[in-house]
Amino acid sequence: MASGIKGQLKPTAGSPDYASTALFTATSTTTFILSACNQGATPDTIRIAVVPGSVNNTTGTISVDYYLEHDYPLAANSAIERTGITVEAQSRVFVGSGAGNVSFSAYGIES
């Protein structure tokens with residue numbers, strides 16, 4: 001049972017898609033906390049998508065069905081956490097922000 005940091009990423013501005021770098025891909029059932037930190041002096045928006053392991057697309061737009069947050073406003077120099085997110089093996093977590101000022105960290109435990 002591995003625990004600790006699952007992924008850390010500060011993507012460039014824009015919406016994530018299947019060609020984007022995933023924050024992480026689960027190797028087994030994983031429960032994690034996701035933190036988003038706006039490092040900018042102005043508000044930004046964030047997107048967080050959890051794509052099931054059964055979806056293996058590598059190009060194209062991520063389905064709206066998979067978003068936990070979509071253009072969620074995040075104040076300047078602030079952070080949020082989403083806790084208790086559980087995903088199946090091979091699920092991918094994609095993140096993005098409107099202006100590219102937000103860093104994301106996921107940490108948790110695999111079972």
Side-chain angles (χ1 to χ4, degrees):
M1 193 179 301
S3 63
I5 296 170
K6 300 300 164 196
Q8 296 177 310
L9 186 65
K10 186 176 182 222
T12 58
S15 295
D17 60 21
Y18 288 117
S20 301
T21 299
L23 177 63
F24 79 95
T25 300
T27 56
S28 61
T29 301
T30 303
T31 300
F32 66 98
I33 297 167
L34 187 129
S35 175
C37 175
N38 183 356
Q39 299 173 13
T42 59
D44 205 343
T45 57
I46 63 169
R47 291 186 177 190
I48 301 167
V50 175
V51 177
S54 60
V55 177
N56 55 14
N57 300 27
T58 58
T59 61
T61 303
I62 296 171
S63 171
V64 296
D65 299 340
Y66 303 140
Y67 278 94
L68 300 178
E69 302 291 352
H70 192 276
D71 291 342
Y72 181 87
L74 187 57
N77 301 309
S78 67
I80 64 162
E81 283 190 343
R82 296 293 185 243
T83 62
I85 304 168
T86 301
V87 296
E88 65 189 355
Q90 301 311 307
S91 294
R92 293 174 290 165
V93 178
F94 291 96
V95 294
S97 70
N101 294 323
V102 179
S103 60
F104 297 86
S105 293
Y107 47 99
I109 189 164
E110 298 171 356
S111 51

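Bear in mind the structure is a predicted one, so any value in this text is a computation, not a measurement.
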Minimum-distance pair of heavy atoms, taken over all atoms of [X] and [Y]:
{"X": "Ile62", "Y": "Ala49", "answer": "CG2-CB, 3.9 Å"}
{"X": "Tyr18", "Y": "Ser63", "answer": "OH-N, 3.8 Å"}
{"X": "Ala26", "Y": "Glu88", "answer": "CB-O, 3.5 Å"}
{"X": "Val55", "Y": "Arg92", "answer": "O-NH2, 3.0 Å"}

Any salt bridge (charged side-chain N to carboxylate O under 4.0 Å, His left out) involving [range]? Give me the pairs, sequence neighbours left out, ordered by first then second residue.
{"range": "residues 5-14", "result": "Lys6-Glu110"}
{"range": "residues 93-108", "result": "none"}
{"range": "residues 14-37", "result": "none"}
{"range": "residues 24-35", "result": "none"}

(message) Donor-acceptor check, side chain of Thr30 to backbone of Ser28, threshold 3.5 angstrom: yes or no?
(response) yes

(request) Taking Asn38 for its side chain and Ala75 for its backbone only, find out whether a donor-acceptor pair lies under 3.5 Å. (result)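 Yes, the answer is positive, given that a donor and an acceptor are paired below the 3.5 Å cut-off.
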
(request) Would you kindly confirm whether Phe24 and Val51 end up in one hydrophobic cluster when ILVMFWY residues are joined by side chain heavy atoms under 4.5 Å apart? (result)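 Different clusters.
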
With sequence neighbours excluded, what pairs up with [X] under the side chain to side chain contact (heavy atoms under 4.5 Å, CB included) test?
{"X": "Ser15", "result": "Arg47"}
{"X": "Gln8", "result": "Ile5, Ser105"}
{"X": "Pro73", "result": "none"}
{"X": "Leu68", "result": "Ile48, Val50, Ile85"}

(request) Mind checking ring pair (Phe, Tyr, Trp, His ring centres under 6.0 Å) for Tyr67 and listing every partner two or more places apart, or none if nothing turns up? (result) His70

Hey, can you pull the donor-acceptor pairs under 3.5 Å for the side chains in residues 93-104, sequence neighbours left out?
residue, atom, partner, partner atom, Å
Ser97, OG, Asp44, OD2, 3.4
Ser97, OG, Gly100, N, 3.0
Ser103, OG, Gln39, NE2, 2.8

(message) Going by side-chain hydrogen bond (donor to acceptor under 3.5 Å, both in side chains), name the pairs with one or both residues in residues 51-62, residues two or more places apart or in two chains.
(response)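 For residues 51-62, and leaving out neighbouring residues, there are no side-chain hydrogen bond (donor to acceptor under 3.5 Å, both in side chains) pairs at all.
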
(request) Quick one: name the residues clustered hydrophobically with Tyr107, using the 4.5 Å side-chain heavy-atom rule over I, L, V, M, F, W, Y, and just say none if it's on its own. (result) Ile33

